[in-house]
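Notes to accompany the following structure.
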There are 2 protein chains.
Amino acid sequence: MSSHSGGASTPPDLVSDGDASVSAGPAGGSPTSFRQRERQPTIRDVASLAQVSLPTVSRVLTGAVPVREATRKRVLEAMRELGYRPNGAARALVQGQQPIVGVITRDTTRHGYARMLLNIEARAKLHGYLVAITVVDPEEFDTAGGALDVLLAQPIVGVVVLDYHTYDPVKLQRRLGSIPIATVIHGGESPVDVAHVLVDDYEAARETTRHLLSLGHQTVHHIAVPGQQANQGSHARERGWREALEAAGAPVPAVQRTDWSIASGVAAGAALAADPTVTAVFCSNDELAFATMRSMHEAGRQVPADVSVAGLDDEPLASIWVPSLTTYRLDFDWAGQAALELLIDPAEGAQRAGNPRSGLVVRESTRPPR
Amino acid sequence: MSSHSGGASTPPDLVSDGDASVSAGPAGGSPTSFRQRERQPTIRDVASLAQVSLPTVSRVLTGAVPVREATRKRVLEAMRELGYRPNGAARALVQGQQPIVGVITRDTTRHGYARMLLNIEARAKLHGYLVAITVVDPEEFDTAGGALDVLLAQPIVGVVVLDYHTYDPVKLQRRLGSIPIATVIHGGESPVDVAHVLVDDYEAARETTRHLLSLGHQTVHHIAVPGQQANQGSHARERGWREALEAAGAPVPAVQRTDWSIASGVAAGAALAADPTVTAVFCSNDELAFATMRSMHEAGRQVPADVSVAGLDDEPLASIWVPSLTTYRLDFDWAGQAALELLIDPAEGAQRAGNPRSGLVVRESTRPPR
DNA sequence: CTGAAAGCGCTTACAG
DNA sequence: CTGAAAGCGCTTACAG
């Protein structure tokens with residue numbers, strides 16, 4: 001490897017283009033040096049070098065059957081010398097199982113998915129499993145061929161499906177066949193017949209809306225994320241909000257809809273900011289709440305003096321926004337871990353009904369109306 | 001599957017616990033129904049049902065060699081009837097290649113990594129490749145066994161290493177052996193001998209610092225992310241800031257160090273807020289800038305009236321923070337795509353030196369000192 | 001504790 | 001266009 005001089009010079013082989021560029025690597029290396037890999041040593045090479053039989057090498061590899069210490073040493077030494085690396089595909093073929101867990105998810109950069117994914121990976125690693133992700137948009141489920149097929153063709157341990165209800169369960173089931181599955185479903189949704197971890201969006205939304213009502217607001221406006229595809233209905237968060245209002249006998253204002261984007265959140269927030277009767281807004285997630293606070297600011301309305309704003313999720317930035325955001329914390333870390341465990345060991349997994357650190361977090365952005 | 005009544009009731013088999021819980025799935029399903037999968041139909045079953053030979057089935061599978069239409073139809077029909085799914089491990093064994101791309105990365109919830117990962121996945125899917133991720137902390141590289149070994153044991157297409165310089169290149173190389181690799185390195189770092197995509201953190205930091213100086217600030221304070229492990233030195237962003245100051249003959253204040261966490265950013269920001277001579281702060285990333293703005297607010301110092309604050313990355317929220325954040329946009333989407341292409345096709349990849357949408361974005365948080 | 005044999009499910013030349 | 005044979009690299013009974 002090159003030395004680390006710490007200098008600020010750019011690599012000599014650089015195809016410079018503004019401040020970002022690409023280099024094909026090893027100086028003078030032809031593309032083929034990347035494509036054609038030399039023949040890897042196999043268990044057979046190791047066996048002959050160590051002067052033992054194939055099964056013996058296999059035994060020190062798996063560790064299932066005891067091998068004489070001296071023999072073991074010799075085999076290990078031979079492996080080191082040859083730079084031997086077991087062939088996972090061959091092993092998977094004979095064992096009928098690949099130590100891989102698949103994850104089917106939507107946009108992994110969004111807070112909830114990102115945290116669940118990170119935690120699934122961490123937990124899977126603990127069990128010695130690799131995580132393979134496939135981002136699939138519910139709308140393009142049918143066309144999401146390639147990668148998903150590769151995943152499902154492997155004799156994998158199973159698949160974790162995040163936000164299960166956004167997919168069409170029939171199509172999903174047909175595609176997955178008999179592959180084990182564990183899902184994360186979100187509160188207030190219909191009962192399902194698959195192993196699942198429940199993140200109760202419904203309850204979270206209801207609770208947050210109640211908080212705003214308890215402060216004395218006549219009603220609470222809502223900025224919503226898109227409804228769920230497979231459900232055809234509104235999002236659980238929207239239902240939680242609606243039912244909280246109905247239960248309190250408060251009027252139910254028209255919902256402001258967004259497309260998940262911040263821009264659409266700003267637009268929705270601006271619409272509410274223009275309405276002087278609005279004193280409280282519950283947003284389907286923290287990002288939309290931030291966007292709403294921005295819109296309020298631009299319209300010259302103070303949060304929380306003029307308008308209270310609450311979110312849902314409790315992203316890290318919620319605590320430091322100015323004003324800090326009242327929101328409902330959802331424990332996606334727990335959800336990710338629980339889903340993985342549920343897949344690995346349904347019996348065990350179902351027992352550890354966890355200790356989710358969820359709940360309303362009241363901060364600066366909400367207060368009684370004046 | 002269960003019906004979708006849209007009701008808000010929780011599943012009957014629920015182990016209720018607050019607002020989040022776990023259910024082991026298929027009602028009455030014993031754990032074994034998950035562990036033991038029935039024997040999958042093989043190419044042999046398909047062949048005998050369709051009354052053709054094994055190779056013929058293989059041919060309709062691969063599509064490489066033409067097959068008589070009528071025969072093809074019969075084979076396809078047999079596959080459908082049996083619910084046949086090819087065994088990827090067997091195919092990989094004979095072909096010597098698994099259509100899988102590995103990604104070695106740190107905390108995938110952080111903005112840059114998250115976006116690169118998402119884009120790598122999208123691009124890989126286009127090529128029919130699956131993406132397997134392994135989150136590995138540079139410090140625990142040696143112990144990060146399990147999952148990484150599984151990944152590297154597969155005859156994968158190659159590995160994309162994000163933020164390459166945080167790892168020890170020697171250890172990494174030893175672990176990867178002859179597996180093709182494409183990396184993302186960050187600006188101002190030492191030249192490397194591997195295929196890489198450059199995201200120029202150094203230039204970004206220098207440019208942003210220059211912007212603050214050009215506004216008339218005597219100097220610019222800095223809140224830094226941790227240095228890079230393998231480099232032992234300071235982060236490229238810190239070097240960019242330092243050299244911009246030196247080039248301008250401005251004094252170089254002590255650096256405020258953080259551990260990436262928002263809390264440490266708030267603490268660092270508070271330290272600067274307490275110093276009345278501070279008029280401009282450049283933060284290593286947007287999150288730290290948000291934290292700093294929070295600290296300034298708490299200390300009663302106005303941004304940008306009293307203090308200018310700039311970040312780096314241009315996260316989505318930067319544009320809607322109050323005040324909106326001046327920052328330097330880095331095109332992680334491009335970087336992710338370019339890295340994947342570089343891995344797949346080094347020759348092609350190196351040519352498309354991209355059109356990164358990077359650059360300084362001046363917003364509300366910076367202005368001349370009074 | 002160790003070796004010879006069979007086989008995991010597929011693809012790839014090789015014939016026809 | 002199609003079939004019989006060999007083999008990818010490993011593990012798993014089966015003997016010893």
Side-chain angles (χ1 to χ4, degrees), chain A residues 36-76 78-79 82-99 149-150 152-156 177, chain B residues 36-76 78-79 82-100 149-150 152-156 177-178:
Chain A
Q36 322 247 41
R37 277 198 263 165
E38 66 257 45
R39 177 181 162 285
Q40 296 291 319
T42 73
I43 201 178
R44 161 171 252 113
D45 301 314
V46 174
S48 85
L49 180 58
Q51 308 203 66
V52 295
S53 69
L54 263 50
T56 296
V57 178
S58 176
R59 281 174 200 122
V60 345
L61 234 31
T62 63
V65 179
V67 173
R68 189 154 58 97
E69 192 50 29
T71 316
R72 223 179 79 85
K73 278 260 171 60
R74 246 186 313 136
V75 171
L76 254 19
M79 287 181 177
L82 294 169
Y84 170 78
R85 197 196 295 278
N87 182 321
R91 174 177 291 185
L93 176 56
V94 49
Q95 293 191 144
Q97 175 113 316
Q98 195 73 274
D149 283 336
V150 174
L152 301 180
Q154 297 293 327
I156 57 177
Chain B
Q36 323 247 42
R37 278 197 261 165
E38 65 257 44
R39 178 181 162 286
Q40 297 290 320
T42 72
I43 201 177
R44 162 172 252 113
D45 301 314
V46 175
S48 84
L49 180 59
Q51 308 205 67
V52 296
S53 68
L54 263 50
T56 296
V57 177
S58 176
R59 281 173 198 121
V60 346
L61 234 31
T62 62
V65 178
V67 173
R68 189 156 55 98
E69 191 50 30
T71 315
R72 225 178 78 85
K73 278 261 171 60
R74 246 186 313 136
V75 171
L76 254 19
M79 287 179 176
L82 294 170
Y84 170 79
R85 195 196 294 280
N87 182 321
R91 174 177 290 186
L93 176 58
V94 49
Q95 294 192 144
Q97 175 114 316
Q98 194 75 275
I100 296 179
D149 283 336
V150 174
L152 301 179
Q154 297 292 327
I156 56 178
S178 62

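So you know, we letter chains A, B, ... as the sequences are listed, proteins then strands, and number each from 1. Everything numeric here is computed off the predicted structure, so don't read it as measured data.
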Taking the minimum atom-to-atom distance to the side chain of A:Arg68, which one of C:dG9, C:dT2, D:dT11 wins?
C:dT2
Applying side chain to side chain contact (heavy atoms under 4.5 Å, CB included) to A:Val75 and A:Val67, what does each step give before you reach the verdict?
CA-CA 10 Å; A:Val75 171; A:Val67 173; 5.9 Å; no
Identified pairing partner of D:dA4, criterion: Watson-Crick or G-U wobble below 3.5 Å
none
Look at B:Ser53 and D:dG3 and indicate whether a side-chain polar atom (N or O) is within less than 4.0 Å of OP1 or OP2.
yes
Give the rounded distance in Å between these two atoms: CD of A:Gln98 and P of D:dC10.
13 Å
Between A:Ile156 and A:Gln97 the two heavy atoms that sit nearest each other are O-OE1, 3.8 Å
Is a donor-acceptor contact shorter than 3.5 angstrom present between the side chain of B:Arg59 and the base of D:dG3?
yes
So, is B:Gln95 close to the D:dC8 phosphate, meaning a side-chain N or O under 4.0 Å from OP1 or OP2?
no
Does D:dT11 have its OP1 or OP2 closer than 4.0 Å to a side-chain nitrogen or oxygen of A:Ser58?
yes
Both B:Pro55 and A:Leu61 contact DNA chain D. Which one's nearest nucleotide lies toward the 5' end?
B:Pro55
Smallest separation among heavy atoms of A:Val46 and A:Met79, with atom names
CG1-CG, 3.7 Å
Atom CG of B:Leu93 to atom C1' of C:dT12: distance rounded to whole Å?
13 Å
Atom-to-atom span, CG of A:Asp45 to P of D:dC8 - whole angstrom:
11 Å
Using heavy-atom distances to pick each residue's nearest nucleotide on DNA chain D, tell me which of A:Arg44 and B:Val65 is more 5'.
B:Val65
For C:dT2, does OP1 or OP2 lie under 4.0 Å from any side-chain N or O of A:Thr71?
yes
Remember a base hit wins even if backbone is also touched, and classify B:Thr56 as base, sugar-phosphate or nothing at under 4.0 Å, heavy atoms.
sugar-phosphate
Report the distance from atom CD1 of A:Ile43 to atom C1' of C:dT2, rounded to the nearest whole Å.
14 Å
Taking A:Val52's backbone N and O only, do any of them form a donor-acceptor pair with A:Thr56's side chain (distance below 3.5 Å, no angle check)?
no
Round to the nearest Å and state the distance from B:Arg91 atom CZ to C:dT12 atom C1'.
13 Å
CD of B:Gln97 versus P of C:dT12: gap in Å, rounded?
12 Å
Considering non-hydrogen atoms only, spot the tightest contact between A:Leu152 and B:Arg85 and give its length.
O-CD, 3.0 Å
Just how far, in rounded Å, is C1' of C:dG9 from CD of A:Gln154?
12 Å
Please report the distance, rounded to the nearest Å, between CE in B:Met79 and P in C:dG9.
15 Å
